[in-house]
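Worksheet: the structure to be examined is printed underneath.
Just so we're on the same page: letters track the sequence lines, and every chain starts at 1.
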Amino acid sequence: MAIITLTTDFGLKDHYVSAIKGAILSRLPAVTIIDISHKIEKYNLLDASYILKESYPNFPENTIHIIGINTELSASGGYVLVKQYGHYFIGADNGIFSLLFEEMPQQIRELEIENNQKLSFPTRDIFTKIACQLAEGADFNSIGKPKAELLQRIPFRATSMGDNIRGSFVYIDSYGNVTTNIDRRLFDQVGKGQPFIIELARHTIERISKEYSDVPEGEVLAMFNASDFLEIAMRNGKAGGLLNLKINDSITIRFQ
Amino acid sequence: MAIITLTTDFGLKDHYVSAIKGAILSRLPAVTIIDISHKIEKYNLLDASYILKESYPNFPENTIHIIGINTELSASGGYVLVKQYGHYFIGADNGIFSLLFEEMPQQIRELEIENNQKLSFPTRDIFTKIACQLAEGADFNSIGKPKAELLQRIPFRATSMGDNIRGSFVYIDSYGNVTTNIDRRLFDQVGKGQPFIIELARHTIERISKEYSDVPEGEVLAMFNASDFLEIAMRNGKAGGLLNLKINDSITIRFQ
Amino acid sequence: MAIITLTTDFGLKDHYVSAIKGAILSRLPAVTIIDISHKIEKYNLLDASYILKESYPNFPENTIHIIGINTELSASGGYVLVKQYGHYFIGADNGIFSLLFEEMPQQIRELEIENNQKLSFPTRDIFTKIACQLAEGADFNSIGKPKAELLQRIPFRATSMGDNIRGSFVYIDSYGNVTTNIDRRLFDQVGKGQPFIIELARHTIERISKEYSDVPEGEVLAMFNASDFLEIAMRNGKAGGLLNLKINDSITIRFQ
């Protein structure tokens, strides 16, 4: 049976999350529903895209991901179903897909809105229906109508200039670990194994650790995380708070 | 297979929620358990009833809803199983059913307490057993013994006087949207399409919006929500906090 | 189908919890996954062990419990699979098992780490695999290699001296109820039904209540909780905060 995941900024107190689950189960009682996160910062597409990007590849192919954030119709380019990397994504065309994927999706269907459709809760009233259709085996191309492109928001990407890499912070997790947009491939390609200095606003780091416990407690370290992005962390401490690192702040690595 | 939902004020850190799930799965490994909310404000029946009322109709008929709040036996009129509008509800007879339903339920069974029954965790030790019996197909009337009526707590209802409607705020969600007890039917019936002023403590609104994006960011609006109750909201902002609206505060609509 | 539970300090916002679920479902789409808690205080093994200890016995035998806290390989005695009291537990050998069980487990398998194994997210990359193998029916003794003993952390236990019991506080729940490590058996054995005084830092209690409602609102009481441990509570109030009780603070009961 299909798997449907939910990523929203609904929070866990209100009735919104369970309303969606009830709507899905009313149609498909045996489907598996998994919460990716409902604690996305309100209205924050960057936050939503980071969490979903780190989570969805862990699910099997053909998983259906419902994205319930910034779903107002008139504030978006419509509602869409997107197929990318073997997964399905249903949400508003509000720019999230450009933040979620390195390459823009080519397989896009625009969902059709009925004339009398109420639009106050599209995640429940529209997205779950499409998810159930897919879970029941509907063909991707039979849903809605084709759409040529999606709204783009340009995410900050790490760039290299000579022997330097300039990146930025993209996420701070609940441990205070701060993830950058600098991945191991870029680091290796620019650095070629040379010595380096990682420059933060108030701190420098001169080596890459393999584990948090490579350094004494309370000391700041840099390591590549499970997704191979450079992360600034502190063993049993909150690097983000202590070093006053903020989302979108820049980080520079100088080689040699 | 049956669906069992959980609505409690247990929070998500302690072991209570998973203890309930373990108890259910020990008896019925294939049942579907859905969390409606565990972040109900402690001891707050109005909060619990609002969230459950907005959520349960999304589930299929015959869903079994366990209500784990204010379950002390001696502080209630006993434990009950209630059938209403095609759904089952199990909880303490503490007044929640009068807040949950427009019409008082007629199908009520009082749960029998065994002599040696421990009463420190009835949601786990009593309610889950009844839920499992129902899920296994037990007949409603075979459970416990008949009960004539349930404890009543009188909720505030919106009322009309001439060309005015007087209502109150019943819930503030995590976006800061403030729901009233004024529904579209009453609004249309009293207003008959006339112009109106919605009077809040510090603010007036003179039209009903269709979407949050009908107004500029940061401006207050009134709209009918997904359940057709009037809601005071703010686009990308927290109306409740900004206007200092509180649960049970009154709101008046003057027509003409 | 098997049940797998999760107990972690990951929190509910980040992608970590859903990443684990995706990894499990990729291998076993029909398994039941239950969250015990993801809101364990960061790095706090005592907190984790208390919640898991109160929760796991509610699940059926052969349930598989994944423990995702303090999982750094170099800071632990390796990764282990433990069978105890009919349940399976997978986690780091960081001392949690000595806090979790009265008797140290005898059935222990050490998980083998492959040479090229990435170690940044062992709960996802190692523990879920073992859980899936067990869920698929693998024999306990076919997993990893035997291990003679587990790391011990000595938990505070309640002790008796003559007519006195000296214990300590082990957990404060979301209601502010404060659990001690004094169980009913020790209380009965030392007290033999004699009158007693329970001494807290700023308060004394001279009787055991049966229900929260045995006392007026706002009054402090002592009762045995659902697990038969003595608990200091307050009807509709937060005993822990009001009496300034803290984890590991001592509590004395003097009989006669």
- Message: Test side chain to side chain contact (heavy atoms under 4.5 Å, CB included) on B/I4 and B/I24; report intermediate values, then the result.
- Response: CA-CA 9 Å; B/I4 297 174; B/I24 293 170; 3.9 Å; yes
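Here B/F97 contributes atom CZ and B/L52 contributes atom CG; the two are 9.0 Å apart, rounded to the nearest 0.5 Å. Between the CD1 atom in B/I66 and the CG atom in B/L6 there is a gap of 5.5 Å [rounded to 0.5 Å].
Both the backbone and the side chain of B/L73 come within contact range of chain C, with heavy atoms under 4.5 Å apart. Residue C/L12 touches chain B through its side chain alone, counting heavy-atom pairs closer than 4.5 Å. In this structure, the portion of C/I3 lying under 4.5 Å from any heavy atom of chain B is its side chain and not its backbone. Heavy atoms of C/I34 lying under 4.5 Å from chain B belong exclusively to its side chain.
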Using only distance, no hydrogens or angles, which N or O donor-acceptor pairs sit under 3.5 Å between chain B and chain C?
unit_1 : atom_1 : unit_2 : atom_2 : d
B/D9   : O      : C/Y175 : OH     : 3.0
B/D9   : OD1    : C/Y175 : OH     : 2.5
B/F10  : O      : C/S174 : OG     : 3.2
B/K13  : O      : C/S37  : OG     : 2.8
B/K13  : NZ     : C/D47  : OD1    : 2.9
B/K13  : NZ     : C/D47  : OD2    : 2.9
B/D14  : OD1    : C/Y171 : OH     : 2.5
B/D14  : OD2    : C/S174 : N      : 2.8
B/D14  : OD2    : C/S174 : OG     : 3.1
B/Y16  : OH     : C/D173 : OD2    : 2.5
B/S18  : OG     : C/S55  : OG     : 2.6
B/A23  : N      : C/N58  : O      : 3.4
B/S26  : OG     : C/N58  : O      : 2.8
B/K42  : NZ     : C/S174 : OG     : 2.6
B/E72  : OE2    : C/Y212 : N      : 2.8
B/E72  : OE2    : C/S213 : N      : 2.8
B/E72  : OE2    : C/S213 : OG     : 3.1
B/L73  : N      : C/E211 : OE2    : 3.4
B/S74  : OG     : C/E211 : OE1    : 2.7
B/S74  : OG     : C/S213 : OG     : 2.5
B/K118 : NZ     : C/A226 : O      : 3.3
B/R124 : NH1    : C/N58  : OD1    : 3.2

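Contact between B/A48 and B/I96 at its shortest, heavy atoms only, is CB-CD1, 3.8 Å. Of all heavy-atom pairs between C/I20 and C/F121, the closest is CG1-CZ, 4.2 Å. When all heavy atoms of B/I64 and B/A131 are compared, the pair lying nearest together is CD1-O, 3.6 Å.
Close placement of the C/F89 and C/F101 rings is indicated, their centers lying within 6.0 Å of each other.
The number of heavy atoms from other shown groups lying within 6.0 Å of CZ (C/F156) does not exceed 12.
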